[in-house]
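Once you've had a glance at the structure underneath, I'll fire off some questions.
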Amino acid sequence: QLNLNDSTVAAVNRKHRNQNKLTVEAAVYNLNSDLLSTQTVNVDLGPEEVKPAVSLAAILKKTPGISFVLLKLKNAAGTELSRTTYWIEPSRNFLDLEKMPGTTVFMKITGKETGGSETRWISSLTNPSKQVAFFVRLQLMDNKDEVMPSFWSGNYLTLAPGESIEVSVSVPARKTGTMKPEL
């Protein structure tokens, strides 16, 4: 998480056991999607420990306008445990977000699991552009109607330029019938 008072990124362990060999990744982009800073730090956390990992104060202080802070926490195998995005503007004027260049994000269904009371689709989400894909809202659609309820592994996502991630969506099996999902 990012402490907005001092711009320090901290790793947070909400589990009641040690979490070792974790990697904190912090990247800062401006509104034009220029990479301003990237830092990677390894941390070990005790039960319920919060540990400062990276300071972004210097870069955020000298960056005018809106900055995007993209944080990731990974385990020793490189599996992403957490991702968080912050958008920061010193005067809290975010109107320039309306001027942010758009991008196209591609989604491909890579798997389907059925069983019990739900159906789950696994998908790959890719931002092939040189722009930050900011606050991407995912929807499961069937014949131009949103399927509800749908339970996403993550939503309102921000992807760095060239980044890909895996997401999944689950729906009650009774809702799927002859559905041909569009994501």
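Position 1 is the first residue of the sequence, and the numbers go up from there.
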* To do: Show your reasoning for whether side chain to side chain donor-acceptor pair (under 3.5 Å) applies to Ser91 and Glu89.
  => CA-CA 6 Å; Ser91 66; Glu89 206 286 336; 2.6 Å; yes
* For the student: nearest non-hydrogen atoms of Leu56 and Gln39, plus distance ->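 Minimum heavy-atom separation between Leu56 and Gln39: CD2-NE2, 3.6 Å.
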* Asked: How far apart are the closest heavy atoms of Leu2 and Ser7, and which atoms are they?
  -> CD1-C, 3.7 Å
* **Member of Leu140, Ile109, Ile165 meeting the side chain to side chain contact (heavy atoms under 4.5 Å, CB included) criterion with Ser123** =>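 That would be Ile109; it is the only one of Leu140, Ile109, Ile165 passing the side chain to side chain contact (heavy atoms under 4.5 Å, CB included) with Ser123.
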* **Atom of Pro101, atom of Leu31 and distance for their closest heavy-atom approach** =>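 Looks like CD-O, 4.0 Å.
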* To do: Calculate, to the nearest 0.5 Å, the distance between atoms CD1 and OG belonging to Ile59 and Ser67 respectively.
  =>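 So the CD1 of Ile59 and the OG of Ser67 are separated by 8.0 Å.
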* Hey, which of Val167, Val136, Thr126 is the one that makes side chain to side chain contact (heavy atoms under 4.5 Å, CB included) with Met107? ->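 Single pass found, and it is Val167.
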* Asked: So, does Arg120 use its side chain to make a donor-acceptor pair with the main chain of Gly111 at under 3.5 Å?
  ->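 Checked: no pair found.
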* Asked: Mind checking whether Phe68 and Phe134 have parallel, tilted or perpendicular rings, split at 30° and 60°?
  -> tilted
* Identify the heavy atoms of Lys112 and Thr119 that sit nearest to each other, and give their distance. =>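 Answer, listing the atom of Lys112 first, then Thr119: CE-CG2, 3.6 Å.
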* **Verdict with reasoning, Leu138 to Val169, per side chain to side chain contact (heavy atoms under 4.5 Å, CB included)** => CA-CA 9 Å; Leu138 303 175; Val169 59; over 6 Å; no
* Give a yes or no on whether Phe94 atom CZ has more than 12 heavy-atom contacts from other residues, nucleotides or ligands under 6.0 Å away. => yes
